[in-house]
Amino acid sequence: MIPDQYIPTEETDHLEDEAPRSQYLDPTESEEEEFDGGFLESIENNFWSLPWLWNNSRFILYCLSLAGVMVAWPYIYQGSLRKITTLEKKLEDIRYKALFTSAALIEYERINNISSKVEQYQLQLVPATQPPYLLVDSGQYPTPQPR
């Protein structure tokens, strides 16, 4: 079967001046589809009108939100972990400070208790002005070892 020959009409008379694109003209084909990108653009234009897209829109949004959480979770976790470690370090510093403060308080309290007992019994004791002697092991006697 021989295809129909291109026959110029009033609508296509101006096309004769241009270079012919094709020898034959398909009546179902429009000029816009030929130049606008064809298949990909028709999918792009019809994408939002697809029925399965609208039927599953909640599920698609749910999947996208889960993907966002998966991407954001390591950053959130790192930030909270960093905050926890700094707070633990501050807590440890506060505990050491409290320990030293309580040790100093106990020392002053013991000295105060001793001086109050000395005054209570009216003893003739005077606080020492020199530091106490340290006993140092000379190595003359062997240290006892557990058996």
Side-chain angles (χ1 to χ4, degrees), residues 3-4 6 9 11-12 14-147:
D4 294 338
Y6 172 72
T9 61
E11 297 172 359
T12 59
H14 66 279
L15 293 177
E16 290 178 0
D17 298 336
E18 299 174 7
R21 287 186 308 241
S22 173
Q23 186 178 4
Y24 303 106
L25 179 64
D26 187 6
T28 61
E29 191 175 283
S30 69
E31 293 179 21
E32 292 177 8
E33 283 184 287
E34 202 172 310
F35 289 110
D36 289 342
F39 181 70
L40 291 178
E41 187 162 314
S42 66
I43 287 178
E44 183 179 313
N45 291 338
N46 296 333
F47 183 72
W48 297 112
S49 64
L50 295 174
W52 64 269
L53 182 69
W54 290 108
N55 292 339
N56 298 319
S57 61
R58 283 186 281 172
F59 179 70
I60 292 170
L61 287 175
Y62 176 73
C63 290
L64 290 175
S65 63
L66 284 181
V69 168
M70 280 180 22
V71 168
W73 182 252
Y75 298 105
I76 294 169
Y77 179 74
Q78 256 184 350
S80 62
L81 189 64
R82 189 177 306 123
K83 189 175 184 180
I84 288 170
T85 53
T86 56
L87 289 175
E88 284 177 349
K89 185 170 170 111
K90 285 182 183 179
L91 179 63
E92 186 178 343
D93 292 342
I94 289 170
R95 284 183 179 164
Y96 280 130
K97 187 176 180 181
L99 181 66
F100 290 131
T101 305
S102 66
L105 181 64
I106 289 171
E107 180 185 351
Y108 291 129
E109 192 174 314
R110 285 185 181 170
I111 291 171
N112 190 20
N113 286 344
I114 292 171
S115 62
S116 67
K117 290 286 185 182
V118 167
E119 288 177 9
Q120 181 183 0
Y121 293 116
Q122 296 177 351
L123 298 174
Q124 298 298 325
L125 297 176
V126 180
T129 57
Q130 295 178 350
Y133 291 105
L134 292 176
L135 299 175
V136 180
D137 186 17
S138 64
Q140 185 179 359
Y141 301 104
T143 57
Q145 297 292 332
R147 295 179 186 186

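Quick caveat: nothing in here was measured; it's all calculated off a predicted structure.
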Just verifying a value: how many Å separate E107 CD and I111 CD1, rounded to the nearest 0.5 Å?
5.0 Å
Side-chain polar contacts of residues 60-81 - donor-acceptor pairs under 3.5 angstrom, sequence neighbours left out - could you list them?
from, atom 1, to, atom 2, distance (Å)
S65, OG, L61, O, 3.3
S65, OG, Y62, O, 2.7
S80, OG, I76, O, 3.3
S80, OG, Y77, O, 2.9

Separation between CD (E119) and NZ (K117), nearest 0.5 Å, reads 12.5 Å
So how far is it from N112 CG to L105 CG, rounded to the nearest 0.5 Å?
10.5 Å
Gap between atom CD of E109 and atom OG of S116 - 0.5 Å precision
10.0 Å
side-chain contact (heavy atoms from CB on, under 4.5 Å) assessment of T143 paired with D137:
CA-CA 9 Å; T143 57; D137 186 17; 4.0 Å; yes
Evaluation steps, side-chain contact (heavy atoms from CB on, under 4.5 Å), between K89 and D93
CA-CA 6 Å; K89 185 170 170 111; D93 292 342; 4.2 Å; yes
d(I84 CD1, L91 CG) to nearest 0.5 Å is 12.5 Å
Inter-residue atom distance K90.NZ - K97.NZ, 0.5 Å rounding:
13.0 Å
